[in-house]
Amino acid sequence: MARSLSSKELRHKAREVQWEAFRRGLYRFRSNALSMIGLSSLIILVILAFAAPYIAPYPEDARGKTHVTERLLPPSGEHLFGTDKVGRDIFSRVIMGTGLALRVGIVIIFLASIIGVTIGGIAAYAGGWIDDLLMRITDIFLTVPALVLAIAITAALGKGITNVMIGISLVWWPGFARLTRSLVLSLKEEAFVEAADGIGSSHARILFRHILPNALSPIIVKMSTDFGFAVLTAAALGFIGLGAQPPTPEWGAMINDGRERFPSEWWIATFPGLAIFVMVFSWNLLGDGLRDVLDPRSRR
Amino acid sequence: MSSTPLLEIKDLHLEFKTFDGVAKVLAGVNLTMQRGDVLALVGETGCGKSMTALAVPRLIPMPPGKITRGQVLFEGQDLLKKSPEEMQRFRAKHLGMIFQDPTTNLNPLFTIREQLIDAVLYQQHDANKVPSKRNFSSRARTMRKQANERAIELMNLVGIQDGEKRLSDYPHQFSGGMRQRVLIAMALAGEPDLLIADEPTTALDVTIQAQILGLIRDLVKKLNLSVLLITHNLGVVAKTCEKVAVMYAGRVVEESSVKDLFKNPKHPYTQGLINAVPTRHTPRRGLEGIPGLIPNLTQPPEGCRFHPRCPKVMDTCQQIPEARRLSAEHKVYCHLYEDAL
Amino acid sequence: MKLGSYFLRRLLLLIPLLFGLSLLTFTVSRILPGDPVGLAAGPQATEEIKESLRKEFGLDKPLPVQYLSYIGNLFRGEWGQSLYSRREVASDLKVYFPATLELTLAAILFAGIFGTLLGVVSALNRNKLPDHLARVVVLFFVSFPAFWLAMMFQLVFGLALDWFPIGKRLNILMTPPQTITGLYLLDSILTWNWKAFRMAAWHLFIPALVLSFGALASITRITRANMLEALDKDFVRMERALGMPDRVVIFKYVLRNAFIATLTIIALEFGWLMAGAVLVETIFDWPGLGLYIVESSLRLDFQPIMGITIIYGIVFSLVNIFTDMAYGLLDPRIRYG
Amino acid sequence: MTPLLEVKGLKKYFPQRSGLFNQKTSYFKAVDDVSFTVPKGKTLGLVGESGSGKTTIGKCAIRLLEPTEGKILFDGEDISHLPRKVMQQRRSDIQMIYQSPAASLNSRMTIGQIIAEPLWIHQKMGGYQAQQRVLELLNVVGLKEEHYHRFPHEFSGGQQQRVGIARALAVNPKLIILDEPTSALDVSVQAQVLNLLQQLQDDFDLTYVFISHDLGVVRYLCDEVALLYLGKIVEIASVKTIFEAPKHPYTQALISAIPEPDPEDKKEQILLKGDATSARPRQGCPFAGRCHAPKIAACETKEPPLIATDAGHYVACHLHTTHSHPSGEHHA
């Protein structure tokens with residue numbers, strides 16, 4: 001009989017195998033120039049978010065300081081993006097708003113995916129009347145387009161950025177619930193899940209050890225591609241006037257600020273809009289690349 | 001042997017680009033078929049039998065596939081040199097193909113009539129002469145009417161009762177065996193010179209398999225068809241064909257008449273393959289498998305590709321074996337034998 | 001006919017769904033914090049005035065009673081009154097809804113046509129330049145906030161180039177076509193009013209275009225993926241083996257297979273666009289549900305909010321039902337049962 | 001001696017929904033009143049074409065599907081209604097091996113984790129001890145130790161099936177249900193796996209239920225064979241009897257349809273008409289629509305019961321039972 005391999009050797013081999021799988025994924029992702037652009041630009045945005053107080057020339061403007069003498073100045077060396085109607089430096093406010101936009105996106109996507117995955121997973125695995133009940137509730141949320149319901153809920157909760165995040169999360173989870181449910185339902189039919197049942201696994205073991213790990217990739221893909229849309233939706237609520245209240249430098253609200261003076265003082269609305277675009281575009285590029293790696297079926 | 005063979009494949013090399021490297025899927029396939037032959041191409045998964053079959057109508061996706069060397073001669077003309085348009089016309093006129101899975105090879109959204117009539121029209125006429133569905137000139141109507149009649153005739157030919165009525169059905173309304181019959185009808189629409197059948201009964205139940213093989217045998221007799229039958233099932237070979245070529249890892253290793261092959265297999269792989277099938281004479285625990293695994297085709301073994309698994313391996317097996325002619329009909333690619341002719 | 005009974009079943013299922021929806025919006029608008037009466041009555045209002053307002057709107061009754069009476073009224077076609085304008089919600093909806101519908105329909109038409117086209121081109125040129133280009137372009141346009149893009153388009157095409165009007169459904173001076181459906185384009189065709197048709201189309205073009213970008217990316221991507229999947233099917237190889245030319249294989253046989261799956265996405269995107277219309281309407285002064293809901297939300301005017309969400313719910317559900325039925329007509333395998 | 005597995009009157013109906021409210025309107029009878037026994041250490045073959053219910057029987061026997069009716073006695077104990085928790089423990093005695101080796105292994109787990117899982121579930125065995133046991137099992141099924149940390153997709157079908165076998169063996173089961181374990185494999189690999197299965201049966205005194213559509217393999221591997229047609233057993237006997245003296249016309253046709261790898265074999269093939277589902281008559285013998293044997297009146301009117309004709313040979317065919325069966329039936 002051959003000499004038994006020691007645990008250490010086996011573990012070493014395991015690491016090699018995993019590293020190899022990881023490298024393949026990385027290779028596919030890296031060979032996609034667009035997603036690399038998206039990733040780099042996002043990294044820059046994250047750095048910007050943390051370093052904003054040190055980079056912004058007038059960080060106090062983001063906290064509401066006004067300069068009556070410097071109202072409505074067009075872009076110049078002093079004020080790269082110009083100033084708004086109370087003389088605040090738009091460049092500083094845009095930079096200081098980066099962190100907020102990122103935070104809003106992250107909170108919404110995490111809240112929505114946690115609620116959605118839990119509900120969808122339970123519905124699909126339990127089946128029967130539990131499934132019926134949960135899915136009917138999900139359907140009710142899906143009957144009205146997300147933005148409309150988000151407006152209604154946020155309005156009822158009261159204006160403010162926290163309520164925007166709650167409102168959007170509350171209408172965003174059904175998408176995750178539907179996705180998770182369909183994933184779990186099809187995984188439940190897979191032979192390896194049946195085999196797990198066949199060796200005597202408990203329900204919890206089947207769900208957490210066999211089904212959910214295999215459902216993870218598409219959920220992550222959806223999280224990454226939804227991120228941009230969540231940021232856009234939050235900005236829309238800000239634009240309507242339901243979101244962050246002045247003087248918070250929220251990009252959507254800033255566009256709303258500039259609207260009445262558009263197009264004569266075009267810079268007030270233009271630059272925050274471009275900032276939203278850069279963030280959303282970066283996320284979309286990244287999400288598209290992630291989809292290639294994690295969900296190879298979608299792009300061959 | 002003076003006449004030009006119907007089909008001659010010479011030294012065909014095919015590569016496939018994969019993540020792990022370039023797989024040498026076919027490495028010098030040689031195969032000859034005369035008009036009227038019913039030839040089985042037999043082998044296990046990954047031996048390249050389907051790729052060889054698909055190389056004839058040039059249906060291998062390229063990329064990732066790439067033919068690096070060799071010829072596919074049909075009555076002497078090299079198919080690999082034809083332009084895509086010429087090839088499409090050639091397929092329509094001279095070839096018929098049936099595939100393994102009858103459920104996926106019919107388009108689910110169109111009626112059998114629509115698909116069968118198109119098959120008739122495009123095989124009988126040049127593609128640019130086929131009228132569009134919205135063309136109501138008398139010529140177009142006549143063509144469609146004739147195609148419809150031909151379709152009914154074909155349905156009867158493949159043994160579908162009330163063929164005329166069933167033309168209006170959709171594929172999902174047919175059982176698996178019936179769908180395979182429809183596919184055979186489509187393949188025969190233009191009276192092809194050569195029918196290539198790629199595992200035509202593998203997805204079917206045994207009793208249905210018997211029906212379809214019976215149909216193919218009848219058609220061979222009735223229409224004087226030449227058939228290239230690709231299969232992994234030695235039983236199907238024995239029941240249906242007269243000649244057989246055995247493939248292993250991208251090469252033909254033995255060619256012979258069916259009778260001779262089963263009575264007198266020469267290549268160690270062929271011997272192993274035949275012994276691996278349980279028959280009524282196999283005693284309990286008397287089955288022999290072939291040890292080892294099929295090689296990874298990105299790094300195939302040197303020389304004879306079977307030598308790492310061969311019980312009779314010798315030093316010379318490091319070289320690619322030439323064809324040895326044991327009789328007029330029996331060829332083997334193995335260093336164990338000498339030319340008898 | 002199976003299709004009929006399927007339709008009936010779906011319509012019946014709509015009833016509990018709308019009940020649920022009304023309950024949801026009712027809960028949201030009545031139980032959550034915020035003081036609509038206070039807002040409506042104004043800051044100077046005395047407690048008595050507020051009290052009488054509450055009584056007038058039935059807000060003094062227990063919540064279940066309020067809900068039941070609301071539902072009862074709903075069935076009688078009485079959708080309540082705005083706290084603010086005192087106008088009937090139902091008649092407001094009748095005015096605003098067709099405008100939104102027309103805008104959304106035009107946008108989904110653009111997105112459907114261009115998305116499918118781009119998707120097909122992408123798939124047929126897989127991993128070549130046109131494919132990559134299409135991918136970037138649609139990702140680019142979907143990444144803009146619709147309201148901001150609307151402003152920019154207004155600036156460029158309306159003010160700078162003066163090619164298109166900058167807002168509203170028609171010139172202020174023009175009388176709209178006689179109302180039949182409320183969709184100006186359709187009404188002007190029905191009344192043979194070509195001048196109104198041209199004018200309405202001219203006004204509609206830019207808002208619909210801006211709106212359509214939101215749906216372009218996913219329609220393109222799905223069409224591309226479906227095309228590739230369909231091209232990979234066994235029957236495509238079979239059709240080629242039969243000697244059919246590629247144009248027949250692709251445009252007759254593959255396209256229908258790909259389009260069926262795209263249809264579902266188009267229905268889904270219809271809902272997304274109808275919501276997106278809210279934002280585009282505010283920019284282009286488009287007298288639709290968008291402006292209505294924004295104003296009502298800011299004032300916590302709950303009767304219109306409920307009415308609007310229910311209208312959205314009905315329309316979106318109907319769109320889904322119709323898509324499912326179209327799906328069934330295109331795919332003979334679907335059995336309604 | 002009590003048989004290790006006894007199935008009595010097993011039925012499995014799947015409800016079909018339709019109508020305005022998606023109500024249950026009819027039942028698809030996948031398995032309809034099936035009984036058989038498997039003695040310890042023997043192999044019973046369940047043979048049939050697609051739709052015959054053979055896999056459903058296998059899954060009911062290990063309670064992966066809940067039987068609609070009937071009893072399943074394992075070692076004398078009725079397990080057909082055991083609560084899930086108890087049944088989970090019983091599964092250390094009954095294991096299953098699946099048709100598609102790739103699909104039955106979780107692609108996110110290593111071979112080591114896959115084989116160790118039942119050890120943890122049933123014996124709470126982990127760490128070094130479990131690893132040693134897994135390495136031992138890898139040896140038993142003919143895999144190498146360095147495969148321990150590999151993932152299933154890196155293996156060929158035959159090797160994957162060996163992993164499945166090792167997983168099933170991990171907890172020393174008494175009974176293994178083999179659901180077409182070699183139908184996805186090449187013949188040379190099939191032979192290896194069949195040899196392995198025979199070896200394991202001898203070494204560990206295993207009892208097999210072998211589900212297959214391949215009569216050639218069944219003839220080679222099984223001691224007794226039950227033939228299924230549309231959810232019912234039509235004939236059951238020792239393997240020798242079935243292949244040498246089949247009585248049911250379906251069995252005869254099926255055996256004649258085996259493509260023997262022998263060009264000299266000139267046995268007459270019985271070609272059946274149509275296929276099982278569409279040729280099923282509304283009443284009478286379910287096989288009557290395809291039957292090649294001369295029909296008698298009873299064929300069209302009532303279903304033939306499964307009745308012993310000789311010792312250990314049961315047939316459900318009017319041609320073989322009308323004249324010989326016990327008197328009670330005549331009065332019907």
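We name chains A, B, ... by the order of the sequence lines, and we start the count at 1 in each one. Please read all numbers here as calculations on a predicted model, not as lab measurements.
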Looking at CD of C:Glu269 and CD1 of C:Ile108, how far apart are the two atoms once the value is rounded to the nearest 0.5 Å? 6.5 Å
Which atoms of C:Leu330 come close to chain B, meaning under 4.5 Å heavy atom to heavy atom: side chain ones, backbone ones, both, or neither? backbone
Measuring only between side-chain heavy atoms, which start at C-beta, is B:Met143 closer than 4.5 Å to B:Gln124? no
Are B:Glu153 and B:Arg150 close enough for a salt bridge, meaning some N to O gap below 4.0 Å? yes
How would you list, in number order, the residues of residues 245-252 of chain C that have a heavy atom less than 4.5 Å from chain B? C:Pro245, C:Arg247, C:Val248, C:Lys252
Distance in Å, B:Leu167 CG paired with B:Met155 CE, rounded so as to fall on 0.5 Å steps: 4.5 Å
Can you pull out every side-chain hydrogen bond (donor to acceptor under 3.5 Å, both in side chains) where at least one residue sits in residues 53-63 of chain B? Sequence neighbours excluded, please. none
Heavy-atom cut-off 4.5 Å, strictly under: side chain, backbone, both or neither for B:Leu106 against chain C? backbone
Counting C-beta onward and ignoring hydrogens, is there a side-chain heavy-atom pair between B:Asn148 and B:Arg113 closer than 4.5 Å? yes
Proximity of C:Phe164 and C:Phe205 rings by center, below 6.0 Å: yes
Residue pair B:Thr202 / B:Asp101, side-chain heavy-atom distance below 4.5 Å: no
Quick check on the interface: out of B:Asn107, B:Val130, B:Ile98, who has the most heavy-atom pairs with chain C under 4.5 Å? B:Asn107
Supply the atom-to-atom distance C:Leu268 CG to C:Thr264 OG1, rounded to the nearest 0.5 angstrom. 8.5 Å
Segment of B:Gln100 engaging chain C (4.5 angstrom heavy-atom cut-off): neither
Counting only heavy atoms from other residues, nucleotides and ligands, does the tally under 6.0 Å from CD of B:Glu164 exceed 12? no
Looking only at B:Asn105, B:Leu54, B:Leu95, B:Leu59, most heavy-atom pairs under 4.5 Å shared with chain C are made by B:Asn105
Taking side chain as everything from C-beta outward and backbone as N, CA, C, O, which of these in B:Pro57 sits under 4.5 Å from a heavy atom of chain C? Side chain, backbone, both or neither. neither
Are the side chains of C:Asn257 and B:Pro108 in touch, meaning some heavy atoms are under 4.5 Å apart? yes
Residue by residue, which of residues 174-191 of chain B have a heavy atom closer than 4.5 Å to a heavy atom belonging to chain C? B:Leu183, B:Met186, B:Ala187
So, do B:Leu12 and B:Leu80 sit near enough that their side-chain heavy atoms are less than 4.5 Å apart? yes
Under 4.5 Å from any heavy atom of chain C - which part of B:Gln115: both
Taking the side chain as every heavy atom from C-beta outward, state whether C:Phe316 and C:Trp272 have any pair of such atoms under 4.5 Å apart. no
Aromatic plane relationship, C:Phe144 with C:Phe140 - under 30° parallel, 30 to 60° tilted, over 60° perpendicular: perpendicular
OH of C:Tyr253 to CG of C:Leu255: how many Å apart, nearest 0.5 Å? 13.5 Å
For chain C, find its close neighbours in residues 116-123 of chain B: heavy-atom separation under 4.5 Å, sorted by number, or none. B:Asp118, B:Ala119, B:Tyr122, B:Gln123
If you define the side chain from C-beta out and look only at heavy atoms, does anything of B:Leu6 sit under 4.5 Å from B:Phe74? yes
